[in-house]
> 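The structure under discussion is supplied below as structure tokens; questions concerning it will follow.
Both counts, for ligands and for their atoms, begin at 1 and track the order of listing. Computed from a prediction, not measured in an experiment: that's the story for all the values here. Along the sequence shown, residues are numbered consecutively beginning with 1.
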Amino acid sequence: MKKAENFFLAEEKELIVNAIRAAEKNTSGEIRVHLEDNCYENVLDRAAFIFEKLQIHKTQKRNGVLFYLSVQDKKFAVLGDAGINAVTPENFWDEIKETMAKFFNRGDFVTGLIKGIEITSEVLKNDYPYQKNDVDELPNEISFGEN
Ligand code: CA
Ligand code: CA
């Protein structure tokens with residue numbers, strides 16, 4: 001069984017981090033990816049817990065987004081902060097999740113995540129365009145486990 005840290009190869013991690021970087025050149029929204037071994041509760045509750053733990057709400061415009069995936073039971077969730085929910089349609093995340101699931105179901109988690117990140121930044125750039133004086137408010141690196 002693969003642990004979260006080893007779920008992606010180094011070069012795959014790099015592709016994902018590059019996608020986050022590119023997305024954050026498109027929008028002031030901040031994107032985080034978090035992987036865990038297993039999710040033992042409702043995946044949205046778990047994602048909300050991790051969101052809090054990673055302090056994703058600590059952006060100036062409240063436009064942080066969490067992509068959460070537990071690698072062994074393959075549960076995933078996408079969670080946006082208040083600033084995003086205010087400007088996006090209700091089924092926004094469901095549609096992104098549907099697109100991601102198409103790739104995930106084929107075992108292509110790298111492309112699934114990257115697609116999710118790309119679509120998110122395309123949508124966010126309308127309400128939250130990239131600013132010249134942009135600050136990288138949240139780390140672009142993938143985080144693992146409970147931290
Ligand atoms: Ca930023
Ligand atoms: Ca960032």
> Check whether any N, O or S atom of E30, backbone or side chain, sits closer than 3.0 Å to the Ca ion (ligand 1).
yes
> How close do I84 and G64 get, counting heavy atoms only, and between which atoms?
CD1-O, 3.6 Å
> Closer than 3.0 Å to the Ca ion (ligand 1), do we get an N, O or S atom from L138, backbone or side chain?
no
> Given ring pair (Phe, Tyr, Trp, His ring centres under 6.0 Å), test F109 with F103 step by step and report yes or no.
CA-CA 6 Å; F109 290 89; F103 292 93; over 10 Å; no
> Just wondering, is there an N, O or S atom on D134 that's nearer than 3.0 Å to the Ca ion (ligand 1)?
yes
> Looking from the Ca ion (ligand 2), what is the angle between OD1 on D136 and OE1 on E24, to the nearest 10°?
80°
> Which heavy atom of F76 sits nearest a heavy atom of K97, and at what distance?
O-NZ, 3.3 Å
> Before giving the answer on salt bridge (charged side-chain N to carboxylate O under 4.0 Å, His left out), spell out for R32 and E141 the whole-Å C-alpha distance, their side-chain angles and the decisive distance to 0.1 Å.
CA-CA 8 Å; R32 291 230 49 178; E141 278 67 41; over 6 Å; no
